[in-house]
Participant: 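For reference, the structure I am asking about is given below.
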Amino acid sequence: MALDKNQIAQRIAQELEHNTYVNLGIGIPTLVANYIPKGIDIEFQSENGVLGMGPFPYAGDEDPDLINAGKQTITTLDGAVLFDSATSFAMIRGQHVQLTVLGAMEVSENGDIANWKIPGKMVKGMGGAMDLVASADNIIVAMMHTNRAGESKILKQCTLPITGVNCVKKVVTDLAVLEVTKKGFKLLERAPGVSVEEIKNVTDAKLIIEGEILEMIL
Amino acid sequence: MINKTVDNIEKALEGVESNMTFMFGGFGLSGIPENAIASLSQKEIFGLTCISNNAGVDDFGLGLLLKRKQIKKMISSYVGENAEFERQMLSGELEVDLIPQGSLAERCRAGGAGIPAFFTPAGYGTEVAQGKEMREYNGKPHILETALTADFAFVKAWKGDAAGNLVFKGTARNFNPLMAMAGKITIAEVEELLPVGELDPNQIHTPGIFIQRIFQGEKYEKRIEQRTVRIKE
């Protein structure tokens, strides 16, 4: 069975390290906050200017002056801090935020990512994505393995305008966990009940497969 | 104390003309200068270049200026919430310069800080880097980005005083302090205008030196774009 979006987030949450600052992108990455393992302390940064972001407010407590980068109403936790956009991106570009999790339309085997533009169709802008991928030490992509047309999003080379070069470290899809190595995508884990063969069949890029590939444990 | 107070929005907007460059603080609809935008959208000024992280929604924020076709060019990082914007952009009526959000913030900050340009890793290897100088530092490629300034910068704060000192609330701070620095004339609208001495100098976010005019805004709508809540267990 392929993973659903929540399960992708759940698997990515296993990558979180204790006492780190993390920026979660819009979509599946946002869900990662729901699965922080016990004993792991994380502070979430949102690039519009908050560190120490908490869950959504209770109905009636929404504050228009307190939103995340997805423009959703949020809360802050004890120890939170608010700042301007230049300070926020100083945290990001200056590599003070250790991990970025974001969605993608395509990832290539050298770690390029495309997630901001479909020429002639979707031109919404890159927001903070280019700054985030240009700098973070660790970048994990959360996405479906294929697009709506069933085509692989794991590619030899990106076909869409790229957001950043040579930056993605790991990809977690509904089918697999992949590591971006100097030699290309290495298959680390497969979704429960999904065979290596099935993954190969829907992957455009060449996969490095060494030894037995275990199922993800959720 | 240099008094920056103006009595009303009309006095605050004195000198705005067609073909000028304006900056607008705000992220999405949070922290936007609602009074200034509403008033500008009533004026017969056109051909504007607007620098703002977003472009409002169809019937609020900068969407009001777009609807009247007052804007010639937008410089933004993300414009996904505005159908009229998309229509004007795809038809070629509106010129759009999309730039990474961190570069936008830093370009405004640099503009106000007397730094004409800087190198950043953001955008290297992408469309954004086209035509820009590239240089390696510490083995990593960077691109040259230039500072931004504006004829007028419009910012919105929670509290302010007659000296132009500003305090922001929550994530409504965002681009406001940076654009405040980058305006040749910066106009601050505040929810609460206090007499000098009321704000604690230790707690001021934007020093009044960056502000030329300040007034108390009215009827803040503060629209929420994505109302997300959790259920009480």
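Below, chains carry the letters A, B, ... as their sequence lines are ordered, and counting in each starts from 1. All of these numbers come straight from a predicted model, not from anything done at the bench. The analysis underlying the following values was restricted to heavy atoms, covering all of them including side chains, and did not include hydrogens, waters or symmetry mates.
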Participant: So what's closer than 4.5 Å to chain B heavy atoms on A:Asp112: side chain, backbone, both or neither?
Facilitator: neither
Participant: I need the residue from B:Gly102, B:Ser76, B:Ala55 with the largest number of non-hydrogen atom pairs under 4.5 Å to chain A.
Facilitator: B:Gly102
Participant: Side chain, backbone, both or neither: which part of A:Ala69 has a non-hydrogen atom closer than 4.5 Å to chain B?
Facilitator: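 Its backbone and side chain both get close to chain B.
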Participant: Using a 4.5 Å heavy-atom cutoff, which residues in residues 150-162 of chain A come close to chain B?
Facilitator: A:Pro161, A:Ile162
Participant: Go through B:Ile99, B:Val96, B:Thr120 and name the one with the most non-hydrogen pairs under 4.5 angstrom from chain A.
Facilitator: B:Ile99
Participant: Which of residues 7-46 of chain A get closer than 4.5 angstrom to chain B, counting heavy atoms alone?
Facilitator: none
Participant: Could you tell me the separation between the CD1 atom of B:Ile224 and the NZ atom of A:Lys71, rounded to the nearest 0.5 Å?
Facilitator: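 Nearest 0.5 Å value for the CD1-NZ distance: 14.5 Å.
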Participant: A:Trp116, A:Phe89, A:Phe56: which one forms the most heavy-atom pairs within less than 4.5 Å of chain B?
Facilitator: A:Phe56
Participant: Is a side-chain N or O of A:Asp131 found less than 3.5 angstrom from the main chain of B:Gln101, in a donor-acceptor match?
Facilitator: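 Pair found, side chain donor or acceptor close to backbone of B:Gln101.
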Participant: Under the 6.0 Å and 45° cation-pi test, does A:Lys124 pair with B:Tyr78?
Facilitator: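 Judged by the rule (NZ or CZ under 6.0 Å from the ring centre, within 45° of its axis), A:Lys124 is not positioned above B:Tyr78.
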Participant: Please report the interatomic distance CZ(B:Arg173) to CG(A:Asn48), rounded to the nearest 0.5 Å.
Facilitator: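 Here the rounded value is 12.0 Å.
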Participant: Quick check for you: among B:Ala105, B:Pro141, B:Gly170, B:Ala129, which has the greatest number of heavy-atom pairs under 4.5 Å with chain A?
Facilitator: B:Gly170
Participant: Would you call A:Asp84-B:Arg109 a salt bridge at under 4.0 Å N-O?
Facilitator: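 No, A:Asp84 and B:Arg109 are not salt-bridged.
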Participant: Name the region of B:Glu221, side chain, backbone, both or neither, that has any atom closer than 4.5 Å to a heavy atom of chain A.
Facilitator: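 For B:Glu221, no heavy atom lies under 4.5 Å from chain A.
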